[in-house]
Structure formats: C-alpha cells, structure tokens
Protein chains: 2
Amino acid sequence: MDKQVPRKRTRIQREKRELIREAALEVFAQHGFRGSTIDQIAEAAGMSKPNLLYYFKNKEAIFATLIQRLLENWLAPLREMDEAGDPRTEIRSYIRRKMEMARDFPRESRLFANEMLQGAPRILPTLEGELKELVDEKAAVIAHWMRDGRLKKADPYHFIFAIWATTQHYADFDVQVRAVLGEKRGGEGRFEDAARFLEGLFLE
Amino acid sequence: MDKQVPRKRTRIQREKRELIREAALEVFAQHGFRGSTIDQIAEAAGMSKPNLLYYFKNKEAIFATLIQRLLENWLAPLREMDEAGDPRTEIRSYIRRKMEMARDFPRESRLFANEMLQGAPRILPTLEGELKELVDEKAAVIAHWMRDGRLKKADPYHFIFAIWATTQHYADFDVQVRAVLGEKRGGEGRFEDAARFLEGLFLE
DNA sequence: GCAATTTTTGACCGTTTGGACAAACGTTAA
DNA sequence: TTAACGTTTGTCCAAACGGTCAAAAATTGC
C-alpha cells in the first residue's frame, strides 16, 4: 500500500496551483460546486483542461483545498476576541474585521454560503467540531462580560450569529444591497456605512 | 406571429405542475440552477423526464415560475408595515413574520439566496425596480418614526438589511446554526429563541 | 361504446461534462 | 550532447445532460 506522500513541489507547480485556486474561487463562489465546470475554471486560469488536471487530480481536489484554506481564515477573527480586553472594544473590532472581510474577500464569503446552502456536505464535521468548540468558548466569554454588566445582556450564541449574518450579508447579497441603495449610497462607502450602523446596533 | 396564449389548464395539469414546482423548489434550493438537473427534479416529483417536459417546456420555465411566485411572497411582510401603527409593534411583527418565514419556508429562502449568490441574473430588474421602490418607501416611514423619537435613531436602510440578514440566516445557514447550538439548544425552539433575541437587538 | 383529447412512455439525438492517456515539448544538469 | 524530468497539448471516452418525437396508454366528452 503506497501511501500518498505529498510530493515536493516545483516553483511552477506552486505558482500554477495558486493560479488555479484563484480562478476556481471565482467560479465556485458564483455557481457552487455542481454548477461549475473544470473547463470554466481552466479558462479562467488561462490554461487547458488537461493541463489543469495535471496540477489537481480532479474537481473535488480543487474544491477541497479552497474549503480548507477558507475555514482557517474564517475562524481567525473570532479567535482574536480577547477575554482580557475591553468588551465593547473587542466586539467593535470583531465587527470591523468581519466587515473588512466581507469587503475584501466577498468570493470567499460566497463560497462559504454556497457550501452552507447545500447542507455543508464537506465541512459539517468541522462545524460540529472545531467551530462549535470555538463558539462555545467565545460565547462563554461574552456571557461572562454580560453577567458582569460590561455588555448589555442577551443570548451570546444568537449574538454571534447576528454578527455573522449581518456582516456576511454585505458580501453574499451584495447585488441586492447595491440595487436597493442605488447609485448614490451604493458606492464604495456602503461598507463603512454598514460598519457604523452595526456598531450602533450591537453596542448601543 | 402566433402569440403564446396561456392555454386553459386541466385539473391534472394544475396538479402536476404544482407537484413539479414543489419538487423543483427542493432541488433548486439546494443546488442552484446550474447544479440541478431535470432528471433530479423529475425523480423528486415521481415522474419521468419527458413527462415533466410535457408540463414545462424546459428547465428555465420551471425556475421562472418559482422565482416569480417567490418574489410575491417575499415582499409581502414588508408591505404590511403600517406607518399608522405603533413603530415598535410594527417592527416587532415584521421580525416575527420574517422569522416564521425562515422557519416555515426555508427552501424559498435558500432559493432566493442562491439567486443572489449568482448575481441575481434573473431578478436584478425586479430588485432595482419593485424592491427598491418598496424599501425606499418603508425606509422613509422608519426614518420618520426615528425623527419623531419613537424609535432609536439609525440608518433605516441598513436597519432593514439587518433584519433581512439575521432572519434569513436561520434558514440559509440552518446547518451551521444547528451544528453550533448542538443537541440541546438546536431543537425546534431555536427559531423562538432567535426571534426573542432579535426583538431585543432591534427594539431595545 | 366510441372518438377525440390528454397524458405517459421509451427510444433517441446532439452536446457537455469529468477525466484518461500518450505523445510532444521544454528545461535542467551531468 | 544527452538523459532525466517536468510541463503542455490533442485526442479520446463514457457518462450525464437538456431536450425531441412518435407511439402507446389513459382519460374525457358525447
């Protein structure tokens, strides 16, 4: 039984694999896994399909590396929430960071949303394991802050959900947001406006 | 040029078309338009592919009727918000209704989310037209309430976005919510808990 | 009961899809 | 120069896909 040892990668392999990931993110985020084709990704990456399949053994493998990398970045901001810090400052920077992610990495957000809509077939274990653990921990921190009267009392889990929902909304439903806000308010400033609003909402 | 007159429909046609819509909603909501196949929908509806295509001329046509019906129901709750009513009561019932929709019609919510993620190719005009008009109108109502000191001051547009985002989150990201809440709190009561939390968030 | 109509089916078609493969091409280092 | 290795391409395949069609089966109206 020859184990699948991760081969040493050449410079070209590293570059091309990154290029493919970039292209695949674009395509998967818009059409989901089943709705995307290898040809689409290959074209977006400026190479032929067989060439792409030289770097990734199949469609699943491309998706897998994206999802894996996504989850690392996804949990990072919440991890940074520090029990020792000032509650309001901590919450405020968490909202800020989440909002910046919605602005700067909308495709990652949409990829995640797509996976959720499909019932999270590939990351359910991570959600029930790593994510749940992290949220349990941070919810306890928030609950503690609330008990000490340093934050308005509320359900800490739904508090976290609400921050997720509202911030990611500006990435996932960006079309709708821009359509409703129209020319004037739908410009670049919309993320800044949203961040300010959310700070008021969650920290009033 | 023979116009496509909407034929009179038999009882069977009405029933089967409804059955197909039901099946298609299930499939489209999970996989999006491109990710869904006619065969999948036909099987979910308990009929053969050619039989399904006897009732709808193609995949697009099925999707179109779903989207059309969806938009009507989607705007209804916001339409009911009444300027003459008590602001806090109006907001509270809007949140309640939206939350009930997330609980009772999660597939509709996911279908909508899927369309958004793909850039709303089929409903962008409606968003820029009908939806924007409605939101403009209701945002003005809310702004008025706020100016009169009957509601805490905030940006009315982002206020509405936040209600959409948080309520729909419990339908679209249901897997995640259940995974994080776990056995105990992830049961049927989660929608009620969420509704209570959101009332506090938006109205306190 | 029977003719007209509606519904269902199986067989089929052209295209797209994920993926395999060998051959050709390029690069490097002895 | 050449052998070894990494990269790219064109060709091919089987399965899945969206959709058509004629004919069979079921239903309806008289």
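Chain naming here is simple, since letters A, B, ... match the order of the sequence lines and numbering starts at 1 in each.
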**OP:** Would you check if the side chain of A:E115 reaches a backbone N or O of A:R122 as a donor-acceptor pair within less than 3.5 Å?
**Re:** yes
Subject >> Partner of B:D174 under side-chain hydrogen bond (donor to acceptor under 3.5 Å, both in side chains), chosen from B:R190, B:R103, B:H169 >> reply: B:R190
Subject >> Under-4.0 Å side-chain N/O to phosphate OP1/OP2 contact, B:N58 with D:dG18 >> reply: no
Original post:
So, is B:R34 near the phosphate of D:dA16, with a side-chain N or O under 4.0 Å from OP1 or OP2?
Top reply: no
**OP:** Taking only the side-chain nitrogens and oxygens of B:Y55, find out if one of them lies under 4.0 Å from OP1 or OP2 of C:dT8.
**Re:** yes
Original post:
OP1 or OP2 of C:dT9 less than 4.0 angstrom from a side-chain nitrogen or oxygen of B:N51, does that happen here?
Top reply: yes
Original post:
Would you say C:dT7 has OP1 or OP2 under 4.0 Å from some side-chain N or O of B:R14?
Top reply: no
Original post:
Roughly, in whole Å, what's the span from NZ in B:K59 to P in D:dT20?
Top reply: 14 Å
**OP:** Could you tell me whether the side chain of A:I41 reaches within less than 4.5 Å of the side chain of A:E26, counting heavy atoms only?
**Re:** no
Original post:
Once you round it to whole Å, what is the distance between P of C:dG19 and CZ of A:F63?
Top reply: 14 Å
Original post:
At what angle, to 10 degrees, do the two end axes of the helix from C:dG1-D:dC30 to C:dA30-D:dT1 meet, given five pairs define each axis?
Top reply: 10°
**OP:** If the plane angle is over 60° it's perpendicular, under 30° parallel, otherwise tilted; pick one for B:Y170 and A:F161.
**Re:** perpendicular
Subject >> Euclidean distance, atom CG of residue A:L19 to atom P of D:dT7 [Å, nearest integer] >> reply: 14 Å
Original post:
Under 3.5 Å, is there a donor-acceptor pair linking the side chains of A:D193 and B:Y157?
Top reply: no
Original post:
When the distance from CD1 of A:I41 to P of C:dG18 is rounded to whole Å, what number comes out?
Top reply: 8 Å
Subject >> Interatomic distance where CD1 belongs to A:I38 and C1' belongs to D:dA16 [whole Å] >> reply: 14 Å
Subject >> N/O (side chain, A:K16) to phosphate O (OP1/OP2, D:dT8) under 4.0 Å >> reply: yes
Subject >> Rounded distance in Å - CD (B:E43) to P (D:dG18) >> reply: 14 Å
Original post:
Once you round it to whole Å, what is the distance between P of D:dT7 and CG of A:L53?
Top reply: 15 Å
Original post:
Want to settle it: does A:L52 or B:F33 sit nearer the 5' end of DNA chain D, counting the closest nucleotide to each?
Top reply: A:L52
**OP:** With sequence neighbours excluded, tell me which residues meet side chain to side chain contact (heavy atoms under 4.5 Å, CB included) with B:L131.
**Re:** A:Q176, A:V180, B:L75, B:L127, B:V135, B:W164
**OP:** Describe, in one word, how the ring planes of A:F28 and A:F33 are oriented to each other, choosing from parallel (under 30°), tilted (30 to 60°) and perpendicular (over 60°).
**Re:** parallel
**OP:** Could you tell me whether the side chain of B:K49 has a donor or acceptor atom within less than 3.5 Å of a complementary atom in the base of D:dG18?
**Re:** yes
Subject >> Pair A:F202 + A:F159: ring centers closer than 6.0 Å >> reply: yes
Original post:
Are OP1 or OP2 of D:dT8 and a side-chain N or O of A:Y54 less than 4.0 angstrom apart?
Top reply: no
**OP:** Quickly work out the A:I20 CD1 to D:dT7 C1' distance and round it to whole Å.
**Re:** 12 Å
Original post:
Below 4.0 angstrom from OP1 or OP2 of C:dT8, is there any side-chain N or O of B:S48?
Top reply: no
Original post:
Is the distance from OP1 or OP2 of C:dT6 to the nearest side-chain N or O of B:Q13 less than 4.0 Å?
Top reply: no
